[in-house]
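In what follows, a single structure is set out as structure tokens and then discussed.
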Amino acid sequence: MKTNNPYMIKKKDLMLILAILTIGIILLLIFKFAFKNGNTVTVSVNNKVIASYPLSEDRRQVFYLDDNSYNELLIENNTVRIITADCPDLLCVKQYKINRCGETIVCLPHKLVVEIISK
Amino acid sequence: MNTKKLSVLSMLLALALIFGYIEALIPIYLGVPGAKLGLPNAIILLTMFFYGPKEAFIINIARILLTGFLFTNMFSIIYSLSGGLLSICIMHVFMKYTTFSITAISAIGGTVHNIGQFLMALFVLKTIGIISYLPFLIIVGCAMGIILGVLVTLLIPVTSKLIKQGGTS
């Protein structure tokens, strides 16, 4: 293995790891402060917007898709999330609530995208 | 390729499958539906250390397809493929031309794996909204890489005799 020992963690390794983590943290801070809070929620299926609601009004809405499958949306406290659905993986339900411009919740099996925009 | 090498590689593939199964059991949502932690990268790294990038590619593609059809879905396959192949490329470059330790290379590999998944998600979903998850993907990828890197560093002395006996020609 040449003259270096690939097992021992040396200073350059720690520097590299620190560099990666620093980039990650810097990006985190940029995204946290650069994106404003949006005021409108749009729901799109197959890239076509089918509904749009203001974020400020609490609302509970079920969206039925062509083949009778559904996603249920909950808007409260100026955030939005999907609370129930009948897609096989339920990843959209497990997703955290969103409130910032550009943030999205995606239900891949239903091709449904919930997005926050600013009107 | 002799039979001994074939059997060692098959064993590594089976190990990668098991790691992939455990990975599929852990529900972690990083904004990209279908994104995974990257546990089998430990086995891929091991393969790269003992054999090389070619064998690592083969094992990675094989286990991604098998894991995808057995435990997860089509999107996981696409994301894992893009993440894993990019990761192997970058890891090989670092392994061959620099003198970083296994742990650091694994950290790089883990980060690149997640960045690869993110880029593929950008391509598939066509929305820029998921970019807010990029910092988490980088940090978690790096952390997972470090953990797996330490694991592989500890595993190499233990397994080297077994693998060398299997033949590396």
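Proteins get letters first, then strands, A, B, ... in listed order; numbering begins at 1 in each.
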What part of B:Ile156 lies closer than 4.5 angstrom to a heavy atom of chain A: side chain, backbone, both or neither? side chain

Okay, A:Leu16 and chain B: the region with an atom under 4.5 Å from a heavy atom over there is side chain

Below 3.5 Å, can you tabulate the donor-acceptor pairs from side chains in residues 51-59 of chain A to any protein atom, sequence neighbours excluded?
{"from": "A:Glu57", "atom 1": "OE1", "to": "A:Arg59", "atom 2": "NH2", "distance (Å)": "3.1"}
{"from": "A:Asp58", "atom 1": "OD1", "to": "A:Asn77", "atom 2": "N", "distance (Å)": "3.4"}

Answer yes if the side chains of A:Lys12 and B:Thr99 hold a donor-acceptor pair under 3.5 Å, and no otherwise. yes

List the atom pairs, donor and acceptor, that lie under 3.5 Å between side-chain atoms in residues 17-28 of chain A and the rest of the protein, sequence neighbours left out.
{"from": "A:Thr22", "atom 1": "OG1", "to": "A:Leu18", "atom 2": "O", "distance (Å)": "2.5"}

ILVMFWY cluster, B:Val8 and B:Val158 together (side-chain gap under 4.5 Å): no

Counting only heavy atoms closer than 4.5 Å, note whether B:Leu134 contacts chain A via side chain, backbone, both or neither. side chain

Contacting moiety of B:Ile146, where chain A heavy atoms sit under 4.5 Å: side chain

